[in-house]
2 protein chains.
Amino acid sequence: MAVKRRKNKALPPPQGCPLTQCMRLLGGAWTPNIIWYLRSQPRRFSELMADIPGVSPKVFTARLKRLEKDGILVRQVMPTSPPSVEYSLTNLGRELTPAIDAIVQVGHKLKRRYRG
Amino acid sequence: MAVKRRKNKALPPPQGCPLTQCMRLLGGAWTPNIIWYLRSQPRRFSELMADIPGVSPKVFTARLKRLEKDGILVRQVMPTSPPSVEYSLTNLGRELTPAIDAIVQVGHKLKRRYRG
DNA sequence: CTGTATCCTTGGCGATACTG
DNA sequence: CAGTATCGCCAAGGATACAG
């Protein structure tokens with residue numbers, strides 16, 4: 001989209017850069033964790049909330065909405081008696097998992113380094 | 001068959017969340033790009049600035065300082081006649097490159113997808 | 001259960017000018 | 001050349017209460 005160049009507005013890093021492109025998707029505060037917990041199976045809203053402690057419902061909803069809009073996951077309302085909603089990764093979302101995996105790998109190394 | 005998913009815990013949960021640990025390092029606005037441009041060779045301050053257009057020196061310095069403090073890169077003052085400073089990745093920094101690579105790979109896929 | 005609605009705070013980011 | 005100093009903004013994130 002057209003670059004909005006207001007006063008202090010962000011014009012974030014090199015636009016054409018695939019790095020930036022991708023970081024925009026998983027840059028959100030809880031985004032990588034959401035993808036991580038959805039990687040093997042669909043999860044319901046409260047399940048995800050429980051998986052990722054410390055996030056408020058407002059922020060969580062915002063993240064999920066953005067991820068849905070970006071085509072990373074799909075939201076499906078289940079016709080159960082207590083209404084439930086199931087989130088699952090799309091194919092596009094699944095393409096992000098190698099990157100997440102790589103990040104997790106490095107995370108493990110970091111932990112070892114900082115503790116050892 | 002119907003997957004029993006109800007109270008089911010998610011994956012082998014990444015304890016202490018290496019994901020978050022790592023994202024904190026490369027979550028900054030220009031951070032992944034800096035690592036990217038340092039991956040193959042050391043670069044000087046203004047070279048990096050030129051590599052990554054649009055960043056102000058203040059922010060750039062802040063990023064570099066934080067990366068140095070986190071042990072991702074090293075800052076070395078060169079005793080040249082016009083003073084110059086060289087930044088290069090540490091071993092720890094080099095361990096981040098697979099993750100960056102993976103992210104870039106996904107970025108390429110995203111570009112293809114969004115452009116048809 | 002699955003979210004919205006409000007309100008508030010923070011710190012990350014930006015621009016510009018200046019310095020050793 | 002390689003940064004600091006100042007100033008300012010605003011959107012992301014958080015807390016809490018409420019709603020369908």
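Distance, A:R43 CZ to C:dT2 C1': 16 Å, rounded to whole Å. What separates CD1 of A:I34 from P of D:dG13 is a distance of 10 Å, to the nearest Å. Separating the CG atom of A:L64 from the P atom of C:dT4 is a distance of 10 Å, rounded to the nearest angstrom. The distance between atom NZ of B:K65 and atom P of D:dA2, rounded to the nearest whole Å, is 15 Å. At whole-Å resolution of the value, CZ in A:F45 and P in C:dT2 are 7 Å apart. Whole-Å rounding puts the A:R24 CZ to D:dA11 P distance at 15 Å. Spacing between atom CD of A:E86 and atom P of C:dT2 amounts to 10 Å, rounded to whole angstrom units. Straight-line distance from the CG atom of B:L48 to the P atom of D:dA2: 10 Å, rounded to whole Å.
Regarding contacts with the backbone of D:dA2, a side-chain N or O of B:R44 is found under 4.0 angstrom from either OP1 or OP2. Contact annotation: A:S46 reaches the phosphate of C:dT2 (side-chain N/O to OP1 or OP2, under 4.0 Å).
Comparing B:R75 and A:R66 along DNA chain D, the residue whose closest nucleotide (by nearest heavy atom) sits nearer the 5' end is B:R75. Residue A:P82 is the one, among A:T61 and A:P82, whose nearest nucleotide of DNA chain C lies closer to the 5' end (criterion: closest heavy atom). Nearest-nucleotide positions on DNA chain C for B:R63 and A:Y87 put A:Y87 closer to the 5' end.
The aromatic rings of B:F45 and B:Y87 sit tilted relative to each other, their planes meeting at an angle between 30° and 60°.
Here the CG-CD1 distance, from B:L110 to A:I72, works out to 6.5 Å after rounding to the nearest 0.5 Å. Distance CG/B:L73 to CD1/B:I34: 7.5 Å, rounded to 0.5 Å.
Considering only heavy atoms from C-beta on, A:T20 stays 4.5 Å or farther from B:P32 through its side chain. Considering only heavy atoms from C-beta on, B:M49 comes within 4.5 Å of B:P57 through its side chain.
Residues B:H108 and A:P18 share a closest heavy-atom pair of CE1-CG, 3.5 Å.
Among the candidates B:R39, B:R44, B:R43, the single residue satisfying the salt bridge (charged side-chain N to carboxylate O under 4.0 Å, His left out) test with B:D51 is B:R43.
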task: Can you check each nucleotide of nucleotides 14-20 of chain D against protein heavy atoms at under 4.0 Å and return B for base, S for sugar-phosphate only, - for none, in 5' to 3' order?
output: BB-----
